[in-house]
Amino acid sequence: MKANDVRRAFTEFFVERGHASQPSASLIPHDPTVLFTVAGMVPMKPYLTGEEPAPWPRAVSVQKCVRAGGKHNDLDEIGRTSRHLTFFEMLGNFSLGDYFKREAITWAWEFVTEVLGLDPERLWVTVHVSDDEAEAIWRDEVGVPAERIQRLEEDNYWRMGDTGPCGPSSEIFYDKGPDLGADGGPAHGGEDRFVEFWNLVFMQFEQHDDGTQSPLPKPSIDTGLGLERTVSLLQGVDSVWETDELASLLAAAATLTAVDVSTADEEQLVSLRILADHARSTSMLVSDGVFPSNEARGYVLRRILRRAVRHAFLLGVDEPLMAGMVDAVVAVMGDAYPELA
Ligand code: SER
């Protein structure tokens with residue numbers, strides 16, 4: 001399956017189960033507590049907290065996300081891991097006071113094993129240390145062997161930011177095999193080996209700035225399936241850089257910098273990956289109306305652009321190159337995001 005097939009299959013699966021399909025919201029959130037849209041739930045926050053009535057009890061979206069500033073910031077990881085990106089797409093299903101853990105868990109399993117066709121023997125799940133209920137659903141209703149269910153603390157408690165909706169979560173991991181790291185499951189094994197690709201958050205509380213929490217009006221569901229990571233599993237490649245869309249951008253970066261990928265050393269590959277990633281995030285941010293500046297979002301955009309240009313320099317390019325990368329982003333992502341053109 002290619003990225004576009006996964007976008008379509010996910011949306012169809014949840015529309016068939018009564019979810020209203022929502023277009024991606026802007027990367028510039030309405031909510032002032034986060035700099036960028038960092039997850040599919042950001043546009044849903046007013047419905048989760050009860051500030052506004054939810055227009056639908058269930059929704060599904062393919063949400064553009066940027067994690068490059070504030071609490072959710074992956075900027076320094078880019079190019080050095082197999083799975084971090086400043087811009088990525090999050091496929092999510094949401095229950096706004098409607099269904100809760102049972103449906104979220106059983107549908108996620110059905111989608112992963114039956115629609116995506118991932119081998120159930122390679123799947124592990126984690127739940128929050130306190131969450132007997134989620135563990136019982138995974139073990140007794142879905143049939144995941146008890147030894148492939150692990151309990152984690154903070155890693156299985158998701159927060160939107162310093163304030164906002166939060167709750168215990170349950171994550172689904174894929175074991176890419178012993179060549180990629182130590183055994184022991186997600187709790188103890190290698191991070192490149194056990195790849196987390198879907199986070200199911202059982203939204204129950206709102207965190208306030210005085211440190212207290214209050215219950216949400218109704219327990220809700222917020223899930224996030226990382227598109228690029230999932231596509232890397234489906235395409236049987238070791239990293240997101242080898243998936244169809246990012247591989248095209250990496251090839252464009254190699255052409256524009258005249259780097260021969262087959263002989264490039266690791267630092268050159270890191271620079272090419274940074275160019276591919278940063279070209280996507282800067283194109284998407286500018287397309288949504290962010291402008292380079294000295295503060296807040298504009299400053300983060302400026303930092304990302306600067307990093308991209310510095311890495312082009314490191315590869316020996318001393319002429320403007322980002323415009324060429326933008327053309328590549330439009331060619332690769334233009335079908336899913338026509339506004340880019
Ligand atoms: N909000 C959760 C996350 O970002 C699930 O979508 O991981």
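What you are looking at is a predicted structure, and each value in this text was computed from that prediction instead of being measured. Counting starts at 1 for both ligands and their atoms, in listed order. We're numbering straight along the sequence, starting at 1.
Those atoms of ligand 1 with a heavy atom of Gly224 less than 4.0 angstrom away are 5 (C), 6 (O). Residue Asp222 approaches ligand 1 through these ligand atoms, each under 4.0 Å from one of its heavy atoms: 1 (N), 2 (C), 5 (C), 6 (O). Of all atoms in ligand 1, listed by their number and element, those nearer than 4.0 Å to a heavy atom of Ala39 are 1 (N), 4 (O). Distances below 4.0 Å separate heavy atoms of Val201 from the following atoms of ligand 1: 2 (C), 5 (C). Proximity to Thr223 (heavy-atom distance under 4.0 Å) selects the following atoms of ligand 1: 5 (C), 6 (O).
At least one heavy atom of Arg67 lies less than 4.0 angstrom from ligand 1.
One hydrophobic cluster, built from ILVMFWY side chains closer than 4.5 Å, holds both Val115 and Phe10.
Of the residues listed (Arg280, Arg7, Arg83, Lys2), the one engaging Glu228 in a salt bridge (Lys or Arg N to Asp or Glu O under 4.0 Å) is Arg280, and it is the only one.
At a heavy-atom distance under 4.0 Å, no atom of Val38 approaches ligand 1. With a 4.0 Å cut-off on non-hydrogen atoms, Met90 touches ligand 1 through its side chain and not its backbone.
Here's the thing with Gly40: none of its N/O atoms is less than 3.5 angstrom from an N/O atom of ligand 1.
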Give the intermediate values and the outcome of side chain to side chain donor-acceptor pair (under 3.5 Å) for residues Ser281 and Thr86.
CA-CA 6 Å; Ser281 48; Thr86 53; 2.9 Å; yes

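When only non-hydrogen protein atoms are considered, atom 7 (O) of ligand 1 lies nearest to Asn199 ND2, 2.9 Å.
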